[in-house]
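Okay, so here's the structure we're looking at.
Starting from 1, each residue takes its place in the sequence as its number.
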Amino acid sequence: MFRCVLTAAALVLFAGSTVVHAQKQTIGAPPEASNMKLVGFNDLQARSAYQPTIHHQGDRWIAYIGHHGGTDDVPDPVNPMTGQAEPNGTSIVDVTDPAHPRYLSHLPGQEGKYESGGAQMVRVCDGKSLPKGDPNAVYMLRTFGSQAHEIWNVADPANPTLITRIGGLKDTHKSWWECDTGIAYLVSGAPDWRTRRMTQIYDLSDPAHPQKIRDFGLPGQEPGSTGAVPTELHGPISTGPNGNRVYFGYGTNKGGILQIVDREKLLTGPKEPTPDNLRFPEISRMPMSAFNGAHTTFPMLDMPIAEFAQDKDGKTRDIVMIVDEAILNECGEARQMVWFADVTTETRPMMISSYTVPEASGQFCQRGGRFGSHSSNESMAPVYYKKMAFIAFFNAGVRALDIRDPYHPREVGYFIPAITPATDKRCIPVEGGERCKVAIQTNNVETDERGYIYIVDRANTGLHILELTGPARAVAGLPKN
């Protein structure tokens with residue numbers, strides 16, 4: 001069971017004539033944890049954080065962290081390194097020594113609040129890996145609010161330089177970049193498409209000279225179509241030329257779709273966005289419940305299943321882990337969860353299991369903010385791939401899952417950070433005003449090849465660097481600590 005650290009009393013704050021009730025954790029209360037421990041922390045200048053990407057850069061490890069826009073109270077936080085108020089953008093942090101992360105640089109993003117500003121998404125590729133890249137460069141691909149995608153040279157992570165920009169968009173989100181080929185699947189809002197988010201595919205093998213390949217989405221989203229518009233894209237993950245598959249997740253917290261696409265047909269097939277051309281590369285799609293979306297679609301192909309080791313067929317399975325995103329505070333929607341789909345028979349994918357944090361284990365619907373899943377780590381490094389997954393669960397922190405048997409995923413650890421004075425409130429409307437509470441909002445998670453786990457907070461609490469302890473380390477095959 002979890003130890004609840006909510007105070008019983010509520011603070012009553014006055015904002016004009018509106019009564020705001022704020023309930024918060026006790027400042028200074030310790031984090032809640034099992035088989036995970038805190039190694040290091042950085043406050044990220046109290047900026048709301050989204051995607052962390054950890055890159056092994058020479059003899060250093062650098063964390064590139066995307067941010068949402070600012071808040072009503074603090075639209076442009078002050079960067080202590082410059083003394084200037086700057087729109088939220090990208091934080092660059094040296095995590096070579098995870099116990100003492102060093103903030104190197106902040107690159108401002110688009111002016112705006114919450115989802116309307118910042119630079120949420122970030123991916124990184126070495127120039128020596130890209131077919132036409134400068135071998136001395138390290139390239140960072142990021143979104144610029146809703147307006148554009150940008151590529152920066154971060155070979156000197158403390159002094160990035162802008163290389164190129166792909167603009168003229170109405171939205172952006174969770175893109176994917178193949179470092180060995182340079183192919184990028186850019187979640188975009190093309191102005192003439194009927195949906196807020198679809199895919200623009202670019203060849204970024206030479207980051208200084210982007211080459212557009214095509215636009216892609218679900219039939220009914222393309223320009224000129226009529227009728228109902230299918231649910232918008234959230235993000236894709238590609239297995240590259242060897243796997244020859246791209247797994248697209250549509251929907252966020254409802255009406256989700258897992259779409260399995262033949263990568264070669266997607267890249268070389270007919271480009272005009274007609275309904276037939278959009279269907280051409282599709283192998284299958286799996287509609288989800290109206291209650292749930294598909295934020296992250298993480299492939300784990302050719303997984304050996306110990307339970308099936310003696311069976312004539314099906315000893316290994318192709319699995320896609322699907323993570324929904326909780327949107328509404330204080331459980332104001334259906335529970336968003338983690339799902340496992342068996343896609344071994346690609347034309348007939350089927351759901352095989354699910355996972356959620358039990359609400360009663362921490363009274364999470366009462367803690368404030370969002371409770372439910374959001375995202376998983378996306379690193380395919382051998383240290384955890386096909387063995388463990390880490391799930392950001394908002395006010396329930398990060399959850400470590402043993403996924404070696406994806407038919408029976410099992411939680412083996414968790415970590416819920418303590419709030420700080422910078423942690424922002426989360427509110428819901430109530431009669432006569434709104435009720436606000438302060439709670440941790442673990443938003444996104446990533447891992448590195450060394451086995452460290454990085455979680456970032458949506459409510460301005462910062463970056464926590466974690467490691468496994470106890471039995472959880474054995475699941476990953478890590479040495480005892």
Side-chain angles (χ1 to χ4, degrees), residues 50-51 53 120-121 123 173-178 183-188 195 197-199 201 216-218 221 230-240 243-263 266 281-289 291-303 317-327 336-356 372-380 384-386 388-393 401 403 406 409 444-447:
Y50 185 72
Q51 183 69 34
T53 292
Q120 295 181 30
M121 195 60 212
R123 302 289 188 194
H173 206 51
K174 198 172 176 63
S175 301
W176 186 264
W177 194 9
E178 300 173 3
I183 301 298
Y185 308 84
L186 303 181
V187 178
S188 304
T195 185
R197 293 174 183 163
M198 36 70 76
T199 306
I201 303 173
F216 183 71
L218 297 176
Q221 297 177 334
T231 186
E232 68 187 25
L233 176 71
H234 198 279
I237 295 180
S238 170
T239 62
N244 193 38
R245 294 292 181 267
V246 185
Y247 298 89
F248 290 87
Y250 296 85
T252 302
N253 66 329
K254 56 188 174 184
I257 297 171
L258 165 66
Q259 183 189 37
I260 305 175
V261 169
D262 184 302
R263 177 186 177 277
L266 177 66
E282 179 179 288
I283 295 170
S284 66
R285 68 174 74 170
M286 184 181 70
M288 298 178 66
S289 162
F291 285 150
N292 298 100
H295 176 286
T296 306
T297 50
F298 186 68
M300 300 176 289
L301 307 183
D302 200 29
M303 281 189 71
R317 301 293 175 97
D318 293 340
I319 305 296
V320 176
M321 180 174 65
I322 304 169
V323 187
D324 318 322
E325 178 182 356
I327 295 291
Q336 302 305 302
M337 301 166 54
V338 183
W339 308 87
F340 293 83
D342 187 328
V343 300
T344 311
T345 303
E346 290 184 296
T347 56
R348 301 187 69 176
M350 60 181 289
M351 209 72 80
I352 56 172
S353 63
S354 66
Y355 162 81
T356 186
S373 61
H374 182 202
S375 63
S376 71
N377 64 303
E378 296 176 356
S379 170
M380 297 182 188
Y384 293 127
Y385 189 47
K386 304 181 187 179
M388 294 192 71
F390 299 90
I391 311 296
F393 232 86
L401 303 187
I403 57 168
N444 288 68
V445 55
E446 189 53 287
T447 58

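Looking at heavy atoms from C-beta onward, Glu232 lies out of side-chain contact with Met198 at the 4.5 angstrom threshold. The closest side-chain heavy-atom distance from Ile319 to Lys386 is not below 4.5 Å. In this structure the side chain of Arg285 never reaches within 4.5 angstrom of the side chain of Leu258, judged on heavy atoms. In this structure, Pro406 and Met303 have side chains that are in contact, with non-hydrogen atoms separated by less than 4.5 Å. Thr239 is not listed as a side-chain neighbour of Asn244, based on a closest heavy-atom distance of 4.5 Å or more. Put simply, the side chain of Ile260 does not reach to within 4.5 Å of the side chain of Glu282, judged on heavy atoms. The shortest distance between side-chain heavy atoms of Asp324 and Phe291 does not fall below 4.5 Å. Between Ser373 and Glu325, every side-chain heavy-atom pair lies at or beyond the 4.5 Å cut-off.
Taken to the nearest 0.5 Å, the OG atom of Ser175 stands 11.0 Å off from the CD1 atom of Ile201. Taken to the nearest 0.5 Å, the OG atom of Ser376 stands 12.0 Å off from the CZ atom of Phe393. How far CE of Met121 is from CG of Leu186: 10.5 Å, rounded to the nearest 0.5 Å. Between the OG1 atom of Thr199 and the OH atom of Tyr250 there is a distance of 5.5 Å, given to the nearest 0.5 Å. Rounded to the nearest 0.5 angstrom, Asn444 CG and Ile391 CD1 are separated by 11.0 Å. Taking CG from Asp318 and CE from Met300, the interatomic distance works out to 10.5 Å, rounded to the nearest 0.5 Å.
Of the N and O atoms on the side chains of Gln120 and Gln51, not one donor lies less than 3.5 Å from an acceptor on the other residue.
In this structure, the side chain of Asp342 does not engage the main chain of Ile352 through any donor-acceptor pair within 3.5 Å. Judged purely by atom type and a 3.5 angstrom limit, Glu446 uses its side chain to pair as donor or acceptor with the backbone of Ser379. Proximity of a side-chain donor or acceptor of His295 to a complementary backbone N or O of His374 within less than 3.5 Å is detected.
Residues that satisfy the side-chain hydrogen bond (donor to acceptor under 3.5 Å, both in side chains) test with Asn253, not counting sequence neighbours, are Glu333. By the side-chain hydrogen bond (donor to acceptor under 3.5 Å, both in side chains) test, Arg263 is found to be paired with Glu178, Tyr185, residues two or more places apart in sequence or in another chain being considered. Annotation: ring-ring contact (aromatic ring centres under 6.0 Å, His included) contacts of Phe340 (sequence neighbours excluded): none.
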Next item on the list: Applying salt bridge (charged side-chain N to carboxylate O under 4.0 Å, His left out), run through Glu378 and Arg123 and close with a yes or a no.
Entry: CA-CA 11 Å; Glu378 296 176 356; Arg123 302 289 188 194; 2.8 Å; yes
Notebook entry, point to check: Given the rule in the side-chain contact (heavy atoms from CB on, under 4.5 Å) test, do Thr447 and Phe390 qualify, once you have shown the distances and angles that lead to the verdict?
Noted result: CA-CA 8 Å; Thr447 58; Phe390 299 90; 3.7 Å; yes
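Applying the ring pair (Phe, Tyr, Trp, His ring centres under 6.0 Å) test between Phe298 and each of Tyr247, Tyr385, Trp339, Trp176 identifies Tyr385 as the sole match.
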